[in-house]
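Only one structure is covered here, and it is reproduced in the block below.
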Amino acid sequence: MSEKPTLPKGTRDFGPEIMVKRNFIFNNIRLVFEKFGFMSLETPSMENLNVLTGKYGDEGDQLLFKILNSGDYLSKTNQEDYNKGAKEMLSKISKKGLRYDLTVPFARYVVMNQHNITFPFKRYQIQPVWRADRPQKGRYQEFYQCDADVVGTSSLICESEIIQMINEVFQKLKINDYTIKINHRGILTGIVELIGAKGKEADFFVAIDKLDKIGFNRVLEELSSKNFSSDSLNKLKPFFDIKSDINGKITFLKNVFSANSSGYKGVEDIEAILNYIASSGVESSHLNLDFTLARGLSYYTGAIFEVKVNNSSIGSVSGGGRYDNLTGVFGLPNVTGVGFSFGVDRIYDVMEELDIFPKETTSSTEVLVTNFDNVSEKHAIKILSSLRIAGIKSEIYPESVKLKKQMNYADKKNIPYVLLIGEEEIKNQQYTLKNMNNGSQNKLPLDEIIKTLANH
RNA sequence: GUGGUUGUAGUUCAGUUGGUUAGAACGCCUGAUUGUGGUUCAGGAGGUCGCGGGUUCGAGUCCCGUCUCCCACCCCA
């Protein structure tokens, strides 16, 4: 009895034609990370549960995949544990879990290797992460993150370089219409203090983060249901009525926060980051200072950012920010750092939706060498070696079947050239090179063929 | 985790109040063309109707369960 196989929820296979496109994204991200001085790091897929739990809030803990202990995992439990419920039972039957993100494993690595690391430490990490979330479009249970973090310096040059890296990656991917939202935890704290709602930061962040989606009025409704006074809500209005550009917003905030230290610090940071970007000579037209950006409740303490591709149904494709005490929970306090992450799966979905993958990424082989019969086959293999020595991606059709079938193979694989090697070609030492895009073909000696293909 | 929706050929989808042998388009294979792909024409293969159970003389169609996909929350890349 054979059973039809299926994939676990929220996971996917990546076939060759998909991998070509995914690698196009990975390669460009890796290239940019390395260009900015980041070094590669990999950590295990699984971590001990005590490393992972408690770092992402209650919500996050629920989304952790836990790994059942090996062997008879019930041997150390009894009826009493069972009665205490799932939470109590968990610690007896599971010690490990799959990583939920790359930042916490990175923090663990920094703490464990603190005496070997030269600070500031710049690392990038491109690996899958797992979340037991309910899947939706652009939400998977297994997906890749591409993180770059700098720890051991509070310099705002790092923030400005993150903006530059985002710009450079998107430029390489030919994604033109996107917005980098930037905000600062200090500004958010300042706003909460100014409207007289100190202590209610958590509720405020959750509500304000939805402004894009549900509109200002419904945000106000949600806030008043969380016991924000109408006086508070009135004081909030000016922050969201403002319609000026980024510099206008900064002037506005400096004025408002003249007597509020955390708010003022936030504006100063943003201003400094903008100045660094200006000094680099890189354009910053995609930047937008957005007071509604809150990025959950996690470990961020300074500047925060998030990237959304416009005119796309997919949510944010990149995000990050500065954290002051990420390694504190592992016993190493006062390590400041800043980092961000690209979501490759979502970038892929966006590029597919907008249909902007460059055509050349869909092909890998540059030339197919035909296979006529046993005699020409031997000659063709020799030619094939010469092509490969010249660094040209090439393959021979492994069977001497009908030419029609071989041509069709090249067509389906999007191979731009076919090299025909038959009796006549071998006799004249001139081989027929066919351009599959326009159908033209001519007879050339081997060195001419290599020249043509190398320039392609 | 809560509520809802979907599933039929490789793909996108039809399928009447439950009624013989479940269809189309595209794709795939073969031939027209034994040294030329993308166009055209002719022919062909391909389905346990997501899976399991139930109602019925009879189920792709109705009922229950389950899995998956997608959507809204929650949260997030």
Side-chain angles (χ1 to χ4, degrees), chain A residues 1-12 15 25 29 56-64 86 100-103 126-147 202 205-207 209-210 213-214 218 222 293-298 305-309 312-320 339-350 368 370-373 376 397 400-426 431-443:
Chain A
M1 274 280 269
S2 67
E3 208 178 303
K4 273 188 196 165
T6 54
L7 281 174
K9 164 173 27 182
T11 66
R12 296 135 310 144
I25 301 173
I29 290 174
Y56 311 103
D58 286 346
E59 306 271 358
D61 284 357
Q62 279 190 333
L63 298 182
L64 286 174
Y100 176 91
D101 70 0
L102 301 177
T103 310
I126 299 179
Q127 290 189 278
V129 302
W130 294 268
R131 295 183 189 178
D133 207 355
R134 187 171 290 199
Q136 254 176 65
K137 196 192 205 94
R139 313 179 73 154
Y140 307 100
Q141 293 206 335
E142 178 184 65
F143 60 95
Y144 274 74
Q145 289 194 329
C146 307
D147 272 37
F205 292 162
V206 170
D209 207 32
K210 297 180 191 163
K213 230 177 188 174
I214 64 177
R218 287 186 54 199
E222 182 163 338
L293 177 64
R295 285 196 65 70
L297 313 165
S298 40
F305 24 77
E306 196 165 283
V307 185
K308 170 98 175 64
V309 178
S312 138
S313 62
I314 313 289
S316 62
V317 295
S318 174
F340 77 115
S341 177
F342 287 110
V344 168
D345 305 81
R346 285 192 174 178
I347 291 176
Y348 178 93
D349 288 343
V350 165
L368 175 76
T370 60
N371 188 333
F372 279 97
D373 49 52
S376 64
Y397 199 89
S400 52
V401 295
K402 274 188 196 166
L403 195 53
K404 180 188 169 87
K405 195 163 182 184
Q406 304 189 32
M407 300 295 288
N408 197 38
Y409 175 82
D411 193 38
K412 287 286 138 63
K413 262 187 97 169
N414 240 322
I415 299 173
Y417 287 96
V418 173
L419 188 60
L420 294 95
I421 301 174
E423 205 181 330
E424 202 185 316
E425 280 89 350
I426 294 170
Y431 312 100
T432 305
L433 185 66
K434 172 155 180 155
N435 180 325
M436 293 295 277
N437 290 325
N438 58 26
S440 69
Q441 61 183 54
N442 34 18
K443 296 194 172 179

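Nothing here was measured: the structure is a model prediction, and the numbers come from that model. These values consider heavy atoms only, across backbone and side chains, with no hydrogens, waters or symmetry-generated copies. Letters A, B, ... mirror the listed sequences (proteins, then strands); counts begin at 1.
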### Aromatic plane relationship, A:Tyr56 with A:Tyr100 - under 30° parallel, 30 to 60° tilted, over 60° perpendicular
tilted

### Task
Please work out if A:Gly10 contacts a base, only the sugar-phosphate, or nothing of the nucleic acid, heavy-atom cut-off 4.0 Å.
sugar-phosphate

### Summary
Regarding the side chain of A:Arg131, the nearest nucleotide among B:C76, B:C71, B:C74 is B:C76

### Query
Who are the side-chain hydrogen bond (donor to acceptor under 3.5 Å, both in side chains) partners of A:Arg12, not counting sequence neighbours?
A:Asp345

### Task
Report the nucleotide, chosen from B:C74, B:U2, B:A77, that has the shortest atom-to-atom distance to any side-chain atom of A:Arg134.
B:U2

### Query
Should A:Leu403 and A:Leu420 be marked as a side chain to side chain contact (heavy atoms under 4.5 Å, CB included) after you check the CA-CA gap, both sets of side-chain angles, and the distance that decides it?
CA-CA 9 Å; A:Leu403 195 53; A:Leu420 294 95; 3.6 Å; yes

### Distance, C1' atom - from B:G54 to B:A14, rounded to whole angstrom
28 Å

### Query
How would you list all residue pairs meeting salt bridge (Lys or Arg N to Asp or Glu O under 4.0 Å) that involve residues 403-412 of chain A, not counting sequence neighbours?
none

### Task
Return the nearest nucleotide to the side chain of A:Pro135; candidates are B:A77, B:C75, B:C69.
B:C69

### Message
Check the phosphate of B:C69 against A:Gln136, side-chain N and O only, distance under 4.0 Å to OP1 or OP2. Yes or no?
### Response
no

### Query
A:Glu59 or A:Ala132: which one's nearest nucleotide on RNA chain B is closer to the 5' end?
A:Ala132

### Message
How many whole angstroms separate atom CG of A:Asp133 from atom P of B:C73?
### Response
14 Å

### Task
Using atom types as modelled and distance alone, determine if a side-chain donor or acceptor of A:Asn371 lies under 3.5 Å from a backbone N or O of A:Tyr397.
yes

### Query
For atom C1', what is the distance between B:A72 and B:C29, given to the nearest Å?
45 Å

## Note on the structure
The contact string for nucleotides 31-42 of chain B, one letter per nucleotide 5' to 3', using protein heavy atoms under 4.0 Å with B, S and - for base, sugar-phosphate only and none, comes out as S---BBBB----

### Query
What is the nucleic acid contact for A:Lys308, judged by heavy atoms within less than 4.0 Å: base, sugar-phosphate only, or nothing?
nothing

### Task
Could you tell me whether the side chain of A:Arg346 reaches within less than 4.5 Å of the side chain of A:Ser316, counting heavy atoms only?
yes

### Message
Would you measure the distance from the C1' atom in B:U5 across to the matching atom in B:C41 and give it in whole Å?
### Response
44 Å

### Query
More 5' along RNA chain B: A:Leu7 or A:Tyr56, using each one's nearest nucleotide?
A:Leu7

### Task
Just call it for A:Ser318: base, sugar-phosphate, or nothing, with non-hydrogen atoms closer than 4.0 Å on any strand.
sugar-phosphate

### Query
What nucleic acid atoms does A:Tyr144 come within less than 4.0 Å of, heavy atoms only: base, sugar-phosphate, or nothing?
nothing

### Query
Mind checking the C1' distance from B:A25 to B:C67? Whole angstroms is fine.
30 Å

### Summary
Taking every heavy atom of A:Val418 against every heavy atom of A:Met407, the minimum-distance pair comes out as CG1-SD, 4.0 Å

### Message
Stem finding on RNA chain B, please: runs of three or more consecutive Watson-Crick or G-U wobble pairs, both distances under 3.5 Å, sorted by first number.
### Response
B:1-4 with B:70-73, B:10-13 with B:23-26, B:28-32 with B:40-44, B:50-54 with B:62-66

### Message
Rounded to whole Å, how long is the line connecting atom CZ of A:Phe143 with atom P of B:C76?
### Response
11 Å

### Summary
By side-chain contact (heavy atoms from CB on, under 4.5 Å), A:Gln145 pairs with (sequence neighbours left out) A:Asp101, A:Leu102, A:Val129, A:Arg131, A:Phe143, A:Asp147, A:Ser341

### Partner set under side-chain hydrogen bond (donor to acceptor under 3.5 Å, both in side chains) for A:Glu425, not counting sequence neighbours
A:Thr432

### Message
Without decimals, in angstroms, what is the distance between A:Tyr409 OH and B:C29 P?
### Response
13 Å

#### Entry: Whole-Å distance separating the NZ atom of A:Lys9 from the P atom of B:C51
19 Å

## Note on the structure
Nearest heavy-atom approach of A:Met436 to A:Ile415 is CG-O, 3.5 Å

### Query
Between B:C75 atom C1' and A:Asp101 atom CG, what is the distance in whole Å?
14 Å

## Note on the structure
Here the distance between atom C1' of B:A77 and atom CD1 of A:Ile347, to the nearest Å, is 9 Å

### Message
Say we look at B:U8 and B:G52: how far apart would their P atoms be, to the nearest angstrom?
### Response
16 Å

### Message
A side-chain contact here means heavy atoms from C-beta on lying under 4.5 Å apart; do A:Tyr140 and A:Asp349 qualify?
### Response
yes

### Query
Can you tell me how far P of B:C76 sits from CD of A:Gln141, to the nearest Å?
17 Å

### Query
Rounded to whole angstrom units, what separation is found between the CZ atom of A:Arg12 and the P atom of B:A77?
16 Å

### Task
Looking at every strand, decide which applies to A:Ser316 at a 4.0 Å heavy-atom threshold: base, sugar-phosphate, or nothing.
sugar-phosphate

### Message
What's the gap between B:U48 and B:A42 when it is taken at their P atoms, as a whole Å value?
### Response
29 Å

